[in-house]
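A short worksheet on the structure shown next.
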Amino acid sequence: SLGLPFAVVPCCIFASKFPHRRQFWKCDPAQAKRGVKDWDTFCAYLAERAAALGSCDVKIDELALVGRNKVVYSLGAASKPYVTWPGDCVAHVASYLPLD
């Protein structure tokens with residue numbers, strides 16, 4: 001709700017430790033009651049929850065990394081049009097990682 005930029009690279013879901021996570025953004029009431037149990041649904045859950053809490057323009061993109069490579073992010077309310085997230089960040093992070 002403050003319009004701050006953020007980025008999250010989710011890894012572990014821990015569905016059994018957080019059984020209250022539901023697919024609340026689904027229009028179908030039966031689907032809305034389903035739990036968040038896989039990684040793709042977890043990424044969508046984080047994006048929808050951030051949007052529901054007031055974050056602006058929440059997106060999900062893939063990073064050029066091996067493994068869990070999805071990033072949920074928002075540039076914030078005052079984002080500038082010349083920012084090329086996640087492209088600039090991926091190049092910066094990749095320069096430090098040994099990708100064989």
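- The minimum heavy-atom distance linking S55 with F6 is given by the pair OG-CE2, 3.6 Å.
- Under the 4.5 Å side-chain heavy-atom criterion for grouping Ile, Leu, Val, Met, Phe, Trp and Tyr, F18 is not connected to F24 through any hydrophobic cluster.
- The aromatic rings of Y45 and F42 sit parallel, their planes meeting at an angle under 30°, below the 60° perpendicular limit.
- At least one donor-acceptor pair closer than 3.5 Å links the side chain of Q23 to the backbone N or O of G35.
- Nearest heavy-atom pair, A7 versus V71, reported as atom, atom and distance to 0.1 Å: CB-CG2, 4.1 Å.
- For T41 (side chain) and V36 (main-chain N/O), no donor-acceptor pair under 3.5 Å exists by modelled atom type.
- Both W25 and I13 belong to a single network of hydrophobic side chains, linked directly or stepwise wherever heavy atoms of I, L, V, M, F, W or Y lie under 4.5 Å apart.
- Here the closest non-hydrogen pair linking C43 and I60 is O-CD1, 3.6 Å.
- Test L63, V9, V8, D40 against K70 for side chain to side chain contact (heavy atoms under 4.5 Å, CB included) and you get one pass: D40.
- With rounding to the nearest 0.5 Å, the separation of CG in L46 from OH in Y73 is 15.0 Å.
- Enclosure of atom CZ in R22 by more than 12 non-hydrogen atoms of other residues, nucleotides or ligands within 6.0 angstrom is indicated.
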